[in-house]
Amino acid sequence: MSVAEDVCTEAVGTNAAGRVAAGTVAVGTAAQELQLKRGEFAIAVHLGLIRLRARQDGGRPRVACEEVERLRSQDGFPEALRDRVRTVGTAQGAQQLGISPDSFTKLARAGCLTPITFYLNRYRAIVWLYLADELAGFAARESRLLAGRSPAWLRDRLEGGTDFRARNWRSRRVERLLTLTEDPWARAAVLADTLDPVQLAEVVDDPYERAYLARIRPEPAFGPAGPPLARETMAHLMRADEPDEMLWRRVSLIAELDHAREARSAPRPGGEWRSFPRQANECAPEPDPRADAESDPAAASAPGLLARIGLRRRASRAAAHRQSGQGCAPFGT
């Protein structure tokens with residue numbers, strides 16, 4: 001039960017009859033021509049190795065024929081392309097690094113190794129997969145972690161019950177999706193996926209804006225990602241689950257929303273849903289100084305921002321509980 005990767009895409013037009021513009025092929029056809037399995041193709045898209053184009057009529061994304069030819073003409077095709085997207089599980093990864101599976105799991109839990117994707121086994125447990133190419137790079141850079149006694153910082157993390165696998169996978173995924181589009185509403189949609197419905201409603205109190213963010217969120221290259229359980233697992237893993245991460249995602253979403261609202265308003269009742277181009281390119285857009293709240297303590301502590309991320313409301317609620325002797329809930333619950 002594998003899980004496909006979501007992608008942001010470029011726009012491609014259709015003619016008056018609604019047919020797809022010439023010069024593109026379906027993602028399934030592109031995968032066959034590139035001699036990639038569906039999962040390999042999805043990873044290649046996520047890594048930016050393959051660029052997709054969205055259709056203005058709202059259909060499935062397409063791949064430009066010239067993009068397929070570009071990849072097919074590269075040296076070492078198809079083996080070189082396959083090697084870049086080849087994944088391994090814990091047992092294979094441990095063998096590649098020359099360590100035990102238990103040591104491999106400890107390194108991953110401590111945040112030294114970042115998963116690229118996952119699948120659900122027959123017991124419905126998450127099985128993380130890693131890029132073999134990245135493991136080779138890790139072995140070259142961090143050989144000291146593969147032999148001898150683990151350093152104190154790594155032991156402290158593990159003794160504290162730390163498991164960075166989901167968080168690192170999520171951060172990598174979010175950052176990659178953000179680099180694939182310059183449209184502020186599409187970027188806000190990526191960040192909105194990292195908050196649960198309650199927190200999202202606190203940050204985005206306009207239901208029409210929330211509906212718009214849900215509509216334009218990045219979609220899997222091959223459509224809905226597997227059965228309902230797989231989609232539920234994906235949605236669960238996408239949500240921040242630590243107080244510091246939740247705070248950072250809320251602040252980032254607020255900054256992106258401010259930018260999006262300046263660019264255009266979300267559709268209102270009676271208006272027409274519109275699809276906006278999503279640019280897929282290899283270079284990240286210029287950073288928005290408003291998004292770096294941590295770099296400006298005065299901005300981060302401004303009353304307006306505190307109120308918008310819910311801290312003022314939570315603080316007032318906590319004070320009321322203390323006065324009544326009922327206690328208060330921790331941040332993020």
Side-chain angles (χ1 to χ4, degrees), residues 3 5-8 46 111 114-118 162-207 209-219 231-263 266 278 284-285 287-297 299-315 317 329-333:
V3 178
E5 298 291 337
D6 294 347
V7 294
C8 294
H46 180 65
T114 300
I116 184 65
T117 188
F118 68 91
T162 297
D163 189 345
F164 279 102
R165 288 176 294 184
R167 179 167 180 166
N168 282 354
W169 169 84
R170 178 168 52 251
S171 294
R172 173 186 198 155
R173 183 181 181 81
V174 169
E175 293 309 312
R176 181 57 194 169
L177 290 173
L178 289 177
T179 65
L180 290 174
T181 181
E182 295 182 359
D183 178 70
W185 280 104
R187 290 171 59 84
V190 171
L191 295 169
D193 266 357
T194 65
L195 299 177
D196 64 47
V198 174
Q199 292 196 70
L200 180 60
E202 289 181 345
V203 176
V204 189
D205 55 5
D206 186 332
E209 288 186 340
R210 293 200 301 274
Y212 186 46
L213 292 174
R215 179 179 174 84
I216 65 174
R217 68 163 61 100
E219 295 293 340
R231 296 196 294 271
E232 291 171 6
T233 302
M234 172 72 80
H236 175 74
L237 289 174
M238 274 298 294
R239 291 172 184 165
D241 57 6
E242 294 291 339
D244 64 323
E245 185 187 6
M246 287 187 282
L247 176 60
W248 173 242
R249 295 304 179 193
R250 290 169 72 111
V251 171
S252 299
L253 176 56
I254 288 171
E256 202 63 62
L257 276 174
D258 286 343
H259 190 196
R261 289 162 179 160
E262 290 176 2
R278 298 176 181 179
D288 185 346
R290 292 168 297 184
D292 192 5
E294 287 187 348
S295 65
D296 186 355
S301 60
L305 180 58
L306 287 176
R308 293 174 67 189
I309 63 178
L311 293 182
R312 170 177 288 181
R313 182 162 50 222
R314 291 170 185 268
R317 188 183 305 134
F331 177 81
T333 59

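Classification of Glu175 and Arg249 as a salt-bridged pair holds, one side-chain N sitting under 4.0 Å from a carboxylate O.
In this structure, Asp183 and Ala186 approach most closely via the heavy-atom pair OD2-N, 2.8 Å. When every heavy atom of Ala266 is checked against every heavy atom of Glu209, the shortest pair comes out as CB-CG, 3.8 Å. The two atoms that bring Met238 and Val174 nearest to each other are CE-CG2, 3.9 Å, heavy atoms only. Residue Pro184 comes nearest to Ala263 through the heavy atom pair CG-CB, 3.9 Å, listed as atom of the first residue, atom of the second, then distance.
In this structure, Arg187 contributes its side chain and Leu178 its backbone to a donor-acceptor pair below 3.5 Å. A side-chain donor-acceptor contact under 3.5 Å links Thr179 to the backbone of Arg176.
When each of Asp193, Leu195, Asp258 is tested with Leu253 by the rule side-chain contact (heavy atoms from CB on, under 4.5 Å), just one qualifies, namely Leu195. Evaluated for a side-chain contact (heavy atoms from CB on, under 4.5 Å) with Trp169, the options Arg173, Arg172, Arg165 yield exactly one hit, Arg173. The residue from Arg250, Arg239, Arg170 that alone fulfils the salt bridge (Lys or Arg N to Asp or Glu O under 4.0 Å) condition with Glu245 is Arg170.
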Item to check | Criterion side chain to side chain contact (heavy atoms under 4.5 Å, CB included) on His259 and Trp185, from CA distance to verdict | outcome: CA-CA 8 Å; His259 190 196; Trp185 280 104; over 6 Å; no
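Side chains of Tyr212 and Arg217 form no contact here, defined as non-hydrogen atoms less than 4.5 Å apart. Side-chain contact between His236 and Asp241 is absent, with no heavy atoms from C-beta onward closer than 4.5 Å. Counting only heavy atoms from C-beta outward, the side chains of Leu177 and Thr181 never approach each other to under 4.5 Å.
To the nearest 0.5 angstrom, Leu191 atom CG is 11.0 Å from Ile254 atom CD1. Separation of atoms CG (Asn168) and CD1 (Ile116) is listed at 12.0 Å; rounding is to 0.5 Å. A distance of 5.0 Å separates CZ of Phe118 from CG of Leu237, quoted to the nearest 0.5 Å. A distance of 9.5 Å separates CD in Gln199 from CG in Leu247, rounded to the nearest 0.5 Å.
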